[in-house]
**Student:** 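Could you have a look at this structure, given as structure tokens, before my questions?
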Amino acid sequence: MKRSLLILFIAALIGAFFTFDLHQALTLEGLKTGLDQAQAQLASDPLLVAGSFFVVYVIVTGLSLPGAAVMSLGGGALFGLLWGTIIVSFASSIGATLAFLVSRFVLRDAVQNRFADRLKTINEGIEKNGAFYLFTLRLVPIFPFFLINLLMGLTPIRTVTFYAVSQIGMLAATVVFINAGTQLAQLENLSDVLSPTLLASFVLLGIFPLLAKKVVAIIHSRRVYAKWQRPAKLDRNLIVIGAGAGGLVSSYIAATVKAKVSLVEAHKMGGDCLNTGCVPSKALIKSAKLAQQIRQGSRYGLNNAEPDLSFSKVMARVHQIIKNVEPHDSIERYTQLGVDVVQGYARIVDPWTVEIRQPDGAISKLTTRSIIIATGARPHVPALPGLNDVGYVTSDTLWDAFAKLDAAPGRLVVLGGGPIGCELAQSFARLGSAVTQIQRGPRLMPREDEEVSTLVQRHLEADGVQVLRTCKVLRCERDGDEKYIVVEAATEASIKGDRKKEQRIAFDQLLIAVGREPRLEGYGLKELGIETKRTVLTNDYLQTLYPNIFAAGDVAGPYQFTHTASHQAWYAAVNALFGHLKKFKVDYRVIPWTTFIDPEVARVGLNEQEAKVQGIAYEITRFELKDLDRAITESATDGFVKVLTVPGKDRILGVTLVGEHAGELLAEFVLAMKHGLGLNKILGTIHTYPTWAEANKYAAGEWKRAHAPQGVLRWLQRYHRWRRG
Ligand SMILES: Cc1cc2nc3c(=O)[nH]c(=O)nc-3n(C[C@H](O)[C@H](O)[C@H](O)COP(=O)(O)OP(=O)(O)OC[C@H]3O[C@@H](n4cnc5c(N)ncnc54)[C@H](O)[C@@H]3O)c2cc1C
């Protein structure tokens, strides 16, 4: 309402300006004609004339009306160089800020909502360097003054910054105009004010900040390297530290483009994903799912049966599967690909030198032009009183620790309600453990929408997991042979913030899965002054403080997935090897992930809770799996496809999929988002019947149905009625 009134008011003022031919007065001719009269008035009442001039200038610029340049000349003619500059400089900055505020108030939300994802990088750039860009634009008077005001209003730049930078940035051009105004009689044309030479100097002035920025970057990098002596000759083009997903892909790319690359791994090739992460957990999940299906045989017309389960065989299978995948990441394979694989612990001793302590204790040094840090992350273990006394496992240690067990741990406490905690809690419950899962916050998998958390909890509980939410762990205790974890447990009342109740939970094994922290110590980051803040800090090109040292994967964040580690690895490797020619900013626009609980939860882009927090307008389209023929045939109808689109458009903002094979179904939406394909394109694509993938098409169909052109359909109904006679 307020917005509409403001628009009406502004439209009325602009209308009046043109209706009453006021724009004629703001031409060079108009100015010359009225000058004598204005000068006479100035002599009799200088304050009134200066004040009125100021106010009119502010209104003209505030309403983005044409005439600011002529008024600046008028300012010079009337008040002279000094006072003219002062008056016009303040009036133009205040007017510009008013125009900026009007644009912000009237248009910004609509523009930001509509182009939210496309504007994300611009917004981030403006937040970081907005003042700098504005200063450049202000210095060069060929960029239209009013357009800069309006466009800047659409960005997140702060109003005070806008005002201050405008006032300083426009000063040079203001002086030129005011000075020209003092010679008004000789001016024939507005373009006389800015001669080609003057314009060229302004352009140079405008480029100056950009050049200055480049020079600062060069000086900064010189300073960073100043205390180090660069070796005259380098052994390698690239050294990669860590042979997990990030390191393997980086070195693979380097070898492919014929760079001389060494890959240093302290422990096992393949890193976490192969040895303690994705591969063993997915192998375990498969066995656990099968055990559960046997128990629920009646769903498929068989008899329910307790699976004849050997936990040690399940764990042996897990280890066998690691072995089966191992060749993909092996030293032999990478050596064949042209990578020099070195077993040992790497430490960066200067920006070009890596020291390697080999397993036999021998120490060698290699010099290199660039380094990629891909040292990954490790489970975070909270400092709980009594923890070491009771003992615990993490995702790093459980695979070996449990391999020796004949049966799944009788009573297992899983600390953590994130994806890893949920996957493992469900699997061990299905393999026979009595699992208690403890989550500090009010819901499981809190990054997902609330309905997803609810559904996940329902499934875990159906599998026998006891889920404790809003639950604070106080300490661990031993009482004889019995081990306990003591928590302030969530009663329904405590979830609502009332009373909390202390509870002692006995367990045989405690699995800690409360997040993973990047490996940041022990290999030279601190000594080199490479900044860290939970992760190694990098710029958009994945460069650290030292432009030749890069980071990729879990150690760099912000994501902790195998596919994002590989994705970053491409940018790190290409920038490390070819960045002097062309650098690429890492692209995080379409990042998918899947949590492999049963049913799977898969997501790409925004979900509803994120859209709300970020203030992005969206529409929701849902398709329930209970309506999918394939899901019905497989008695697995729990789940849905939930698509967020731009209101009124088929452009996808994000998708959450819950159900069997959700991780596989997601790929179609990832492709669509990556290549700007909307739901209409998915709807227009043949999907084989009866597949799970049809769910995607039906979700697109739901969207289409909701956006059917009702008016046209009414006409068609009439048309068909008429055809029937
Ligand atoms: C239980 C679990 C399940 C998971 N499931 C999935 C999943 O389903 N999908 C998914 O995408 N992600 C999953 N992840 C996450 C995935 O494993 C990681 O995101 C991925 O491994 C990160 O790869 P990276 O290369 O950054 O680090 P890592 O794989 O951790 O590799 C880092 C390597 O660096 C080595 N290293 C460290 N310091 C040095 C040094 N100074 N010198 C030499 N070597 C060093 C380490 O030994 C290690 O081998 C899971 C993780 C866990 C724990």
Side-chain angles (χ1 to χ4, degrees), residues 239-252 262-286 318 322 329 331 341-349 354-359 366 371-380 393-399 414 416 418-425 427-428 511-525 535-536 542 550-569 572 591-597 600-603 663 666:
I239 293 181
V240 181
I241 304 177
L248 288 169
V249 176
S250 303
S251 60
Y252 179 106
S262 286
L263 172 65
V264 191
E265 171 55 55
H267 191 43
K268 288 184 179 170
M269 293 291 285
D272 282 5
C273 182
L274 171 62
N275 299 294
T276 56
C278 336
V279 173
S281 62
K282 267 76 253 180
L284 189 82
I285 284 167
K286 179 68 194 178
V318 167
I322 296 175
D329 299 350
I331 297 183
V341 183
V342 186
Q343 281 276 278
Y345 189 82
R347 192 168 67 86
I348 308 171
V349 289
V354 175
E355 184 188 88
I356 303 160
R357 188 167 14 89
Q358 278 147 20
L366 279 176
I371 297 169
I372 295 179
I373 300 166
T375 49
R378 64 162 84 84
H380 170 70
V393 291
T394 65
S395 62
D396 268 8
T397 57
L398 85 89
W399 310 106
V414 175
I420 295 177
C422 289
E423 283 183 6
L424 294 175
S427 297
F428 283 109
L511 166 59
I512 295 186
V514 291
R516 299 166 49 72
E517 56 193 25
R519 292 192 186 93
L520 303 172
E521 306 97 33
Y523 57 94
L525 298 185
T535 58
V536 171
L542 296 176
F550 296 74
D554 283 6
V555 76
Y559 301 97
Q560 290 188 333
F561 303 113
T562 296
H563 47 275
T564 47
S566 320
H567 179 69
Q568 289 178 325
I591 302 287
W593 63 84
T594 300
T595 304
F596 295 88
I597 43 172
E600 291 179 2
V601 175
R603 174 134 80 90
L666 189 70

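In each ligand, atom 1 is the first atom listed, and ligand 1 is the first ligand listed. The structure presented is a predicted model; accordingly, all values stated were derived computationally and were not measured.
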**Student:** Which is it for Ser395 and Thr276 under the side chain to side chain contact (heavy atoms under 4.5 Å, CB included) test, yes or no, and what are the steps along the way?
**Tutor:** CA-CA 6 Å; Ser395 62; Thr276 56; 5.6 Å; no
**Student:** Indicate yes or no for a side-chain donor-acceptor contact from Glu355 to the backbone of Val349 under 3.5 Å, with no hydrogens or angles considered.
**Tutor:**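 No: the side chain of Glu355 does not pair with the backbone of Val349.
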**Student:** Can you name the residues that come within less than 4.0 Å of ligand 1, going by heavy atoms only?
**Tutor:**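 Near ligand 1, by chain and number: Ile241, Gly242, Ala243, Gly244, Ala245, Gly246, Val264, Glu265, Ala266, His267, Lys268, Gly271, Asp272, Cys273, Thr276, Gly277, Cys278, Ser281, Lys282, Gly344, Tyr345, Ala346, Ala374, Thr375, Gly376, Ala377, Ser395, Ile420, Arg516, Arg519, Tyr523, Gly553, Asp554, Gln560, Phe561, Thr562, His563, Ala565, Phe596.
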**Student:** Should Phe428 and Leu284 be marked as a side chain to side chain contact (heavy atoms under 4.5 Å, CB included) after you check the CA-CA gap, both sets of side-chain angles, and the distance that decides it?
**Tutor:** CA-CA 9 Å; Phe428 283 109; Leu284 189 82; 3.9 Å; yes
**Student:** Would you find a donor on one side and an acceptor on the other, under 3.5 Å apart, between the side chain of Ser427 and the backbone of Glu423?
**Tutor:**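 Indeed, once roles are kept as given, a pair shorter than 3.5 Å links the two residues.
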**Student:** Search all heavy atoms of Leu666 against all heavy atoms of Pro592 and return the closest pair with its distance.
**Tutor:** CD2-CB, 3.6 Å
**Student:** Can you give me every donor-acceptor pair (side chain of residues 552-561, partner residue at least two apart or in another chain, under 3.5 Å) with its distance?
**Tutor:**
unit_1	atom_1	unit_2	atom_2	d
Gln560	NE2	Arg516	O	3.1

